[in-house]
Amino acid sequence: MSESDDDAPQLSTHALEALEEFRREQEIRESSEREIPEENWQLSQFWYRNDTASSLAEELLHSAGENGWICCISSPTAFKALMEIKPDTCTAVLLEYDTRFETTYGKAFAFYDYNKPTELPPQYENAFDIVLVDPPFLSEECIQKVAQTVKYLTKSKILLCTGSVMADKANELLGVEKLCFKPKHNRNLANDFSAYANYQTVKLTNASK
């Protein structure tokens, strides 16, 4: 080793850790720009239109703040849009049954089975400033279990997207009210779809209906 090598500045352990974290964030951002996987109808997957995903992502970020914690449950297209706009200071997690998204999002992904509503990392309990959830099935059994998950995760704010037929049950379980904002999907669904919240939304108020 030459004298010049000895004199070369060395990064501290803290700086190296920060650099590694930055690289991980960059990898996640680059992954989020890839095309989202095809819908798996056996898993009841129906992707949002880009404008819907963007509107939801903007609402999530506004509600949580730049240093907030955001959780998206069974809503990977909204999560993708969120990852494209959130600052590094904001923590976002995708809870999803489809493990294809683990390859894309790494540590930002957590496996989720609604039949095991609170089998989640303990650090997630009441950790999130806002939770967006799109229950995979239009049934009372599904929304009841998903509601347990939401209550486990959120500090207070809840944003729900589901069929209009579930309005009364959603209000009963989560205290959410129907919004004027209507989520749209890439494929036309037979069931009327609505958005709900337990707080006054801002970015969805002026979004396309």
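Along the sequence shown, the residues carry numbers beginning at 1.
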Side chains of Y112 and T149, donor plus acceptor under 3.5 Å: yes

Taking every heavy atom of C161 against every heavy atom of P135, the minimum-distance pair comes out as O-CD, 3.5 Å

Run the numbers on Y152 and Y124 for ring-ring contact (aromatic ring centres under 6.0 Å, His included), then give the verdict. CA-CA 8 Å; Y152 178 87; Y124 288 174; 8.4 Å; no

Note: P76 and E96 closest approach over all heavy atoms is CD-OE1, 3.6 Å

Distance col, row T91:OG1 vs N67:CG, nearest 0.5 angstrom, shows 9.0 Å

query: If you draw a 6.0 Å radius around CD in E66, do more than 12 non-hydrogen atoms from other residues or ligands fall strictly inside?
result: no

For P87 and L61, the nearest pair of non-hydrogen atoms, with its separation, is CD-CD1, 3.9 Å

Side chain to side chain contact (heavy atoms under 4.5 Å, CB included) between C72 and V131: does it pass, once the steps are laid out? CA-CA 6 Å; C72 296; V131 174; over 6 Å; no

Where the side chain of S139 meets the backbone of C142, is there a donor-acceptor pair that is under 3.5 Å apart?
-> yes

Rounded to the nearest 0.5 angstrom, the CG-CD distance for L160 and E177 is 11.5 Å

Does the E59 side chain pair with the main chain of V202, one donor and one acceptor, at a distance under 3.5 Å? yes

Exercise. Can you check ring-ring contact (aromatic ring centres under 6.0 Å, His included) on F79 and F101, steps first, answer last?
Worked result: CA-CA 11 Å; F79 186 78; F101 293 98; 8.9 Å; no

d(C71 SG, L82 CG) to nearest 0.5 Å is 10.5 Å

When rounded to the nearest 0.5 Å, the distance separating NZ of K80 from CD1 of I85 is 12.0 Å

ask   = Can you check whether K184's main-chain N or O pairs, donor with acceptor, with T52's side chain at less than 3.5 Å?
value = yes

Value for CG (L138) from CD1 (I143), rounded to nearest 0.5 Å, stands at 8.5 Å

N171 side chain to Y196 side chain, donor-acceptor N/O pair below 3.5 angstrom: no

When H62, K157, K155 are each screened for side chain to side chain contact (heavy atoms under 4.5 Å, CB included) with I130, the one that passes is K157

So OG of S63 and CD1 of I70: to nearest 0.5 Å the spacing works out to 8.0 Å

- Message: Side chains of S54 and E58: any donor to acceptor distance under 3.5 Å?
- Response: no

**Q.** Non-hydrogen side-chain atoms of I73 and L153 separated by less than 4.5 Å
**A.** yes

Closest non-hydrogen atoms of A127 and W69, given as atom of the first, atom of the second and distance, are O-CB, 3.4 Å

Closest non-hydrogen atoms of Y97 and F111, given as atom of the first, atom of the second and distance, are O-CE1, 3.2 Å

Beyond-backbone contact of L56 with L159, side-chain heavy atoms, under 4.5 angstrom
yes

Donor-acceptor pair, N198 side chain versus S156 backbone, under 3.5 Å? yes

Q: Answer yes or no: are there more than 12 heavy-atom neighbours, outside K116 itself, under 6.0 Å from its atom NZ?
A: no

message = Set out, in order, the CA-CA distance, both residues' side-chain angles and the distance that settles side chain to side chain contact (heavy atoms under 4.5 Å, CB included) for N115 and E141, then state yes or no.
response = CA-CA 9 Å; N115 289 301; E141 180 242 3; 3.6 Å; yes

Please check: side-chain N/O of K151 versus main-chain N/O of L173, any donor-acceptor pairing under 3.5 Å? yes

Expected list for residues 163-170: side-chain donor-acceptor pairs under 3.5 angstrom, two or more places apart:
residue, atom, partner, partner atom, Å
S164, OG, D192, OD2, 2.6
S164, OG, S194, OG, 2.5
K169, NZ, E172, OE1, 3.4

Exceeds 12 heavy-atom contacts within 6.0 angstrom, atom CG of D113:
yes

For F109 and D98, the nearest pair of non-hydrogen atoms, with its separation, is CE1-O, 3.5 Å

Is the backbone of S75 close enough, under 3.5 Å, to the side chain of D134 for a donor and an acceptor to pair up by distance? no

